[in-house]
Amino acid sequence: MSKLTHLDDKGAARMVDVTAKAETEREARAEARITMAPETLAMIVDGEHPKGDVLAVARIAGIMAAKKTHDLIPLCHVLNLTSVKIELSPELEPAAVRIEARCKLSGQTGVEMEALTAASIAALTLYDMCKAVDRGMVIETVRLLEKTGGRSGHWQAV
């Protein structure tokens with residue numbers, strides 16, 4: 001197992017120095033899933049939610065969150081993202097929305113945290129938009145699906 005890169009030799013927190021790292025194309029995909037009552041999902045899919053297009057709002061929230069990850073996660077670098085895509089897919093059994101976030105850049109550090117943050121915030125936005133009709137929603141399965149680029153290369157969840 002590798003040592004934790006956000007700790008120095010004395011155990012103090014630090015931002016990793018990426019100055020000497022080569023710029024490479026990097027991409028990460030992450031997902032989150034939010035389960036809900038079938039009636040809530042139907043309201044979202046049919047566009048009948050009183051607050052409007054909740055999927056569009058969640059998509060924008062996810063994109064904004066990816067761009068602000070460095071403000072939310074203390075030791076993350078400010079990144080010049082070149083692409084953020086959020087896909088929201090309704091699922092019928094059980095009633096849920098699956099969120100997939102994909103972040104890309106050419107840089108010196110990876111975009112895993114940006115993809116995870118985007119998926120998480122999109123799910124939280126769905127919860128916020130729908131809590132008036134369904135407080136029993138559950139956000140689950142927030143995880144990294146895949147990352148490419150950098151020194152460690154390609155990694156994919158099994």
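Residue indices begin at 1 and follow the sequence shown. Because only heavy atoms are used, hydrogens play no part in the values below, and waters and symmetry mates are left out as well, while side chains stay in.
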If you look only at distance, which donor and acceptor atoms sit under 3.5 Å apart when one is on a side chain in residues 48-55 and the other is two or more places apart or in another chain?
from  : atom 1 : to     : atom 2 : distance (Å)
His49 : ND1    : Lys51  : N      : 3.0
His49 : NE2    : Met129 : O      : 3.0
Asp53 : OD1    : Leu55  : N      : 3.3
Asp53 : OD1    : Ala56  : N      : 3.1

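One distance of note links CD1 of Ile73 with CE of Met113; it measures 4.5 Å at 0.5 Å rounding. Taken to the nearest 0.5 Å, the NZ atom of Lys104 stands 8.5 Å off from the OG1 atom of Thr148. In this structure, the separation between CG on Asp46 and CD on Glu39 is 12.0 Å, given to the nearest 0.5 Å. For the atom pair CD1 (Ile121) and CD1 (Ile63), the distance works out to 13.5 Å, reported to the nearest 0.5 Å. In this structure, CD1 on Ile34 lies 4.5 Å from CD1 on Ile139, to the nearest 0.5 angstrom. Put simply, CD on Glu112 and OG1 on Thr109 are 7.5 Å apart, with the number rounded to the nearest 0.5 Å.
Contact check for Met36 versus Ile44: side-chain heavy atoms found under the 4.5 Å cut-off. Two residues are said to be in side-chain contact when any heavy atoms from C-beta on lie closer than 4.5 Å; Met137 and Cys130 meet this criterion. Here the side chains of Leu81 and Val111 are in contact, with some heavy-atom distance below 4.5 Å.
With sequence neighbours left out, Pro90 forms a side chain to side chain contact (heavy atoms under 4.5 Å, CB included) with Leu41, Val45. Evaluation of the side-chain hydrogen bond (donor to acceptor under 3.5 Å, both in side chains) rule for Thr24 yields Arg26 as partners, not counting sequence neighbours. The side-chain hydrogen bond (donor to acceptor under 3.5 Å, both in side chains) check on Glu31 picks up Arg98, Arg143, with sequence neighbours excluded. Judged as a side chain to side chain contact (heavy atoms under 4.5 Å, CB included), and not counting sequence neighbours, the contacts of Ala101 are Ile86, Ala118, Ala119. Scanning for side chain to side chain contact (heavy atoms under 4.5 Å, CB included) contacts around Arg33 gives Thr35, Glu91, Pro94, Ala96, Glu140, Thr141, with sequence neighbours left out. Residues meeting the side chain to side chain contact (heavy atoms under 4.5 Å, CB included) test with Lys68, sequence neighbours left out: Asp71.
Considering all non-hydrogen atoms of both residues, Thr125 and Ala58 come closest at CG2-CA, 3.8 Å. Between Gly110 and Leu79 the shortest heavy-atom distance is O-CD1, 3.5 Å. Between Ala32 and Ser120 the shortest heavy-atom distance is CB-N, 4.5 Å.
Connectivity analysis of hydrophobic side chains (ILVMFWY, heavy atoms under 4.5 Å, direct or indirect) links Ile60 to Met64. Other residues sharing the hydrophobic cluster of Val78, ordered by chain and number and joined by side-chain separations under 4.5 Å: none, the residue standing alone.
Residue pairs meeting the salt bridge (charged side-chain N to carboxylate O under 4.0 Å, His left out) criterion with at least one member in residues 145-158, sequence neighbours excluded: Arg29-Glu146. Sorted by first then second residue, the salt bridge (charged side-chain N to carboxylate O under 4.0 Å, His left out) pairs that include residues 55-66, not counting sequence neighbours, number zero. Evaluation of the salt bridge (charged side-chain N to carboxylate O under 4.0 Å, His left out) test over residues 130-139, restricted to residues two or more places apart or in two chains, returns Asp128-Lys131.
Within 6.0 Å of CG in Asn80 there are 12 or fewer heavy atoms belonging to other residues, nucleotides or ligands.
Here Glu100 pairs with Arg102 in a salt bridge; the nearest charged N to carboxylate O distance falls below 4.0 Å.
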